[in-house]
Amino acid sequence: MRVMVVGSGGREHCLAWKIAQSPEVEEVFCVPGNGGMRSVGTCISLSSFREMLDFVREKDIGLVLVGPEAPLALGIVDEFLAERRAIIGPDRRGALLEASKVFAKEFMKRYGIPTAPFSIFDDPGEALEALKRRQNYPAVVKADGLASGKGVYVVQDFEEAAFAVRELMVEKKFGASGERIVVEDFLEGEEATVMVLFDGASYLFLPSSQDHKKVGEGDIGPNTGGMGAYSPAPVVDEDVLRRIEKDIVVPLLEGMERENLYYRGVLYLGLMISKDRTPWVLEFNVRLGDPETQVVLPRIRNDWFEVSLALWEGKLHTLRLEVTPEAMLGVVLASRGYPGHFERGKKIEGLEAFPNRPGDTVLLFHAGTVWQNGSFYTDGGRVLNVCAFGKDLEEAYGRAYEAVSRIHFEGMYYRRDIGFRVLKNRGAR
Ligand code: AMP
Ligand code: GLY
């Protein structure tokens, strides 16, 4: 069968790489793909869902996988389903679990899913008044709509809260996404990511993971799309996983059924695990995480085409995931200046050492790269993901950073402390 992967980041490179290993997959089309994805498939730019549908028909593509949230929130699944094309993901209404924090919070409240207590505001004056009266700081102010992970402000006092309200609701930094806001209690604990495949009837847990969202070492500075990740997340042990299943996944799926949400895809749970080991939902995403995918999918031994087809056909209950006991840790190499202004077009050296064969200890997934005149050049803020296996996270850490030392481009920036919260003895670097 021919398969299409929509997206152009490290997550999509990993997904295309993984699915291309299936003997059932003849060809992978990447829309639009990136410099690295040309080694696993055919990259093509298509600018609308209409063009994608025409292409799918013309090339007889049997299954479409969508990486990022934006096309899901815009209804790509609705359009493909209307023409009876196989596509994985929620429809536009299901995607509201990510695209509207107000929708997600109210949904969680209806079904008793543990999440921080919250209030919703659509008027800046009322928001400011409530925040002035508020006793309980720190608090968290969130834009309702999509903001590339940047619409969340952890605020220490009223001054900071007022700044967030002004940016979101008055200056409209994220446009209509900030017209409504959620204000919620600050939760303490350790964060973790758990992704679940859900086919409308049954579900399968993917291995746990954790990303580092902040640009700076020690988790400081502005938020980014993610500077690195590791899997498993040690905080998600058997007991915590059982609680996630019982208190979050089961009521979530019951709620989705009751409200008739169409969902065949990946549910991403962004969690805070509190000291008493209660898992709380910080956010839902309706797709695979980036950069978590790059350290989660390679740990899964199953044929990803088989898994994806079972997801589409509602046959997840027939599968068991086989996960390697090895850990994986991935480091993002970014362009200097990211997540602010950065330059593109820098030549990247040292990539020949990473052929990405199945079973390799180090895997390299491209994000913002292009291939021109026989070389790779930078073409985005996050450029590469260098991911390594190890018998534990310590070994994976050492191998990943050893590999990073072999890669170079002008202005290459990366955090040297990925995994610091869980590494027993942080490597030598
Ligand atoms: P979100 O996009 O809602 O996951 O928020 C982005 C980041 O903000 C999370 O990964 C957390 O680090 C932090 N965050 C969000 N909500 C809370 C909360 N209620 N308590 C503490 N930290 C939070
Ligand atoms: N790594 C966080 C996300 O994918 O949204």
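Note that the structure is a prediction, hence the values are computed from the model and not measured. Both ligands and their constituent atoms are indexed starting at 1 by order of listing.
- Taking the six-membered ring for Trp and thresholds of 30 and 60 degrees, Phe205 and Tyr203 have ring planes more than 60 degrees apart, a perpendicular arrangement.
- If you check which protein heavy atom lies closest to atom 20 (N) of ligand 1, you get Leu187 N, 2.8 Å.
- Looking at ligand 2, you won't find any N or O of Lys213 less than 3.5 Å from one of its N or O atoms.
- Ring geometry for Phe365 versus His13: interplanar angle over 60°, hence perpendicular rather than tilted (30 to 60°).
- Remark: ligand 1 atoms within the under-4.0 Å shell around heavy atoms of Phe186 are 20 (N), 21 (C), 22 (N).
- Close contacts between ligand 1 and Glu184 involve ligand atoms 16 (N), 17 (C), 18 (C), 19 (N) [criterion: under 4.0 Å to a heavy atom].
- Considering Val152, Val182, Val141 only, the shortest heavy-atom separation from atom 8 (O) of ligand 1 involves Val152.
- With no hydrogens or angles considered, a side-chain donor-acceptor pair links Thr278 and Arg243 at under 3.5 Å.
- Which of Glu69, Glu283, Arg11, Arg287 comes nearest to atom 4 (O) of ligand 2 through a heavy atom is settled by distance: it is Arg287.
- Atoms of ligand 1 lying under 4.0 Å from at least one heavy atom of Lys101, given by number and element, are 1 (P), 2 (O), 3 (O).
- Between Tyr230 and His212, the ring planes lie tilted relative to each other; the angle falls in the 30° to 60° range.
- Look at Arg344 and Asp379 and you find a salt bridge, because one of the NZ, NE, NH1 or NH2 atoms lies within 4.0 Å of a carboxylate O, short of that distance.
- The pair Lys101-Glu283 meets the salt-bridge criterion, with a side-chain N (NZ, NE, NH1 or NH2) lying under 4.0 Å from an Asp/Glu carboxylate O.
- Neither the backbone nor the side chain of Met195 comes within 4.0 Å of ligand 2, counting heavy atoms alone.
- Between the side chains of Ser8 and Asn34, not a single donor N or O lies within less than 3.5 Å of an accepting N or O.
- In terms of polar-atom proximity, Val140 is not counted as a contact of ligand 1, lacking any N or O under 3.5 Å from an N or O of the ligand.
- Between Glu184 and Lys105 there is a salt bridge, since a side-chain N of the basic residue sits under 4.0 Å from a carboxylate O of the acidic one.
- The nearest protein atom to atom 23 (C) of ligand 1, hydrogens excluded, is given as Leu282 CD2, 4.0 Å; this is a heavy-atom distance.
- Ligand-side atoms of ligand 1 in range of Lys142: 3 (O), 15 (C), 16 (N), range being under 4.0 angstrom from any heavy atom.
- Contact analysis leaves Glu188 out of contact with ligand 1, as no non-hydrogen atom separation drops below 4.0 angstrom.
- If you number the atoms of ligand 1 from 1 as listed, the ones under 4.0 Å from a heavy atom of Lys213 come out as 10 (O).
- Atom 12 (O) of ligand 1 has as its closest protein heavy atom Glu191 OE2, 2.4 Å.
- Heavy-atom proximity to Gly289, at under 4.0 Å, picks out these atoms of ligand 2: 4 (O).
- In terms of N/O distances under 3.5 Å, ligand 1 is not approached by Asn223.
- A side-chain donor-acceptor contact under 3.5 Å links Tyr153 and Glu167.
- Counting heavy atoms closer than 4.0 Å to ligand 2, residue Asn285 contributes side-chain atoms (C-beta onward) but none from N, CA, C or O.
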Checklist entry - Taking it one step at a time, do Glu98 and Tyr268 satisfy side chain to side chain donor-acceptor pair (under 3.5 Å)? => result CA-CA 9 Å; Glu98 173 168 359; Tyr268 168 121; over 6 Å; no

Please output the side-chain donor-acceptor pairs of residues 234-242 that fall under 3.5 Å, not counting sequence neighbours, one pair per line with the distance.
residue, atom, partner, partner atom, Å
Asp237, OD1, Asp239, N, 3.2
Asp237, OD1, Val240, N, 2.9
Asp237, OD1, Arg277, NH2, 2.9
Asp237, OD2, Arg277, NH2, 2.2

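- Heavy-atom contacts of Asp211 reach the following atoms of ligand 2: 1 (N), 2 (C) (cutoff under 4.0 Å).
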